Asks: 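Pasting a structure here, questions to come.
Values below: every heavy atom of this structure, side chains too, minus hydrogens, waters and symmetry copies. Model, not experiment: these values are computed from the prediction.
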Amino acid sequence: MTARSLAILLTATVIGCGGDEAADAENTIVVTEVTDVGFQTPESVIHDAAADAYLVSNINGAPTDEDDNGFISRVTPDGMVEDIAWITGESDDVTLNAPKGMAIRGDTLYVADITCVRMFARPTGEPAGEVCIDGATFLNDVTVAEDGALYVTDSGFNADFTASGTDAVWRFTPGGQTNSFTSGPQLGNPNGIAFTGDTAYVVTFGSGEVYSLAPEGTRRVLVAPDIPDRQLDGIAFVNEGGYIFSSWGDGAVHRVNVAGAVSTVLDSLDAPADIGYDAQRNRVLVPLFNQDMVIWAEVPPAPAPAAF
C-alpha cells in the first residue's frame with residue numbers, strides 16, 4: 001500500500017453568477033494519494049459514515065462489460081486498505097460487473113451496475129438483492145433523497161459510448177416501486193446526482209451542464225458548459241453550503257458556492273470520476289479513473305468574489 005500527502009499550489013479562478021471573472025486566488029492544498037494498492041479503474045468513492053470507511057467501486061475492465069469481475073474496496077480515512085476486494089464479482093454469490101456510483105440508505109449499500117442496481121449489507125458486504133431496469137444501458141450514479149427514495153441515472157450510452165437514447169433518471173420508492181422520474185435527450189447524458197431538500201442536482205457527461213430537477217421533474221440549468229467537451233462526472237454537497245463537481249474535460253474538481261459563483265478546488269487531474277465527500281473531515285474524495293488511484297483533500301473555504 002502506498003499513501004502519501006503532497007502539498008500543491010492551486011490557482012483558483014472565481015466566476016460570478018453572471019459568468020464574469022471576479023478574482024484569482026492562490027491556495028496551497030494538501031492532497032493525499034492512495035496508489036499502487038490494486039485499484040482497477042476506480043469509478044466512485046463514498047464515505048460510509050457509520051463505519052468511518054471509504055468505499056471505492058472498481059470497474060476492472062470496460063464500463064459496459066458484463067464480466068462479473070468488478071469489486072468494491074474498503075479504505076480507512078488515513079489511507080490504509082482494509083480490503084481491496086471487500087465485495088467482488090468473483091465470489092460465487094455476488095454479481096458485480098462494472099460497478100459505478102454508490103449510495104447508502106440505512107444498512108444497505110446500493111451500487112449502479114450497467115442495467116441493475118445491486119444491493120449489499122453495509123456492515124458485511126453480503127448480497128441483499130438487486131433491481132434491474134428493462135431498457136437501461138448505462139446506469140451510472142445513485143443517490144438517496146430525504147424522503148428515502150433512491151434515484152439512479154442512466155447516462156444513455158452504448159458500449160462504444162455512442163448515444164443509446166436511454167437518458168433518464170429512475171426513482172425507487174422505499175417500498176420498492178420503480179418508475180421513470182424523467183427521461184429524454186434534454187438530460188444531456190446524466191451522470192452524477194445528489195439531493196438537497198426535495199431537489200435533485202445533476203451533472204452531465206454529454207452536455208457538460210449542472211442542472212436541478214424539481215419534484216415534478218422541471219429542469220433548470222445552474223452551470224452552463226463554458227469549455228468544449230467538459231464531461232462532468234460526480235457531484236456532492238459540502239458543509240459550507242453549495243456543492244462540488246468533477247470534470248474530465250478540464251481535469252478538475254470545481255465548487256459552486258451558495259451565491260452560484262464557481263471556483264476550482266483541484267486541477268491538473270487525469271479523469272476525475274464520481275467524487276465523494278467526507279463531511280466529518282470536509283474532504284473531497286476523488287477516484288482517478290485512468291490512473292488506478294484515489295486522492296483526497298480538504299475542501300478550502302469558497303473564495304469571496306472581489307468587490308467591484
Asks: Under a 4.0 Å threshold between the charged nitrogen and the carboxylate oxygen, would Lys100 count as salt-bridged to Asp113?
Replies: no
Asks: Go through the side-chain N and O atoms of Asp267 and Thr264 and say whether any donor and acceptor fall under 3.5 Å apart.
Replies: no
Asks: Answer yes or no: are there more than 12 heavy-atom neighbours, outside Asp134 itself, under 6.0 Å from its atom CG?
Replies: no
Asks: Apply the side chain to side chain contact (heavy atoms under 4.5 Å, CB included) test between Tyr151 and each candidate in Asp141, Val142, Ile193; give the one that qualifies.
Replies: Ile193
Asks: Measure across Glu146 and Gly197 and return the closest heavy-atom pair with its distance rounded to 0.1 Å.
Replies: OE2-N, 3.5 Å
Asks: Check whether the side chains of Trp296 and Asp278 place a donor and an acceptor atom closer than 3.5 Å, and report yes or no.
Replies: no
Asks: Consider only side-chain N and O atoms of Asn282 and Asn239, and report whether a donor and an acceptor are under 3.5 Å apart.
Replies: no
Asks: In terms of hydrophobic clustering (I, L, V, M, F, W, Y; side-chain heavy atoms under 4.5 Å; direct or indirect links), are Phe181 and Val202 co-clustered?
Replies: yes
Asks: Taking only Lys NZ, Arg NE, NH1 and NH2, and the carboxylate oxygens of Asp or Glu, determine whether Arg283 and Glu298 approach each other closer than 4.0 Å.
Replies: no
Asks: Assess, by modelled atom type and distance only, whether the side chains of Thr199 and Ser212 contain a donor and an acceptor separated by less than 3.5 Å.
Replies: no
Asks: Would Asp48 and Arg122 pass as an ion pair if we require N to O under 4.0 Å?
Replies: yes
Asks: Is a donor from one side chain sitting under 3.5 angstrom from an acceptor on the other, for Tyr243 and Arg255?
Replies: no
Asks: Out of curiosity, does Phe237 fall in the hydrophobic cluster containing Val223 (side-chain heavy atoms, cut-off under 4.5 Å, transitive links)?
Replies: yes
Asks: Among Leu139, Ile72, Val152, Leu55, find the residue that satisfies the side chain to side chain contact (heavy atoms under 4.5 Å, CB included) test when tested with Val111.
Replies: Ile72
Asks: Is Glu209 salt-bridged to Arg219, going by a charged N under 4.0 Å from an acidic O?
Replies: yes
Asks: Taking the six-membered ring for Trp, is the centroid-to-centroid distance between Tyr201 and Phe195 below 6.0 Å?
Replies: no
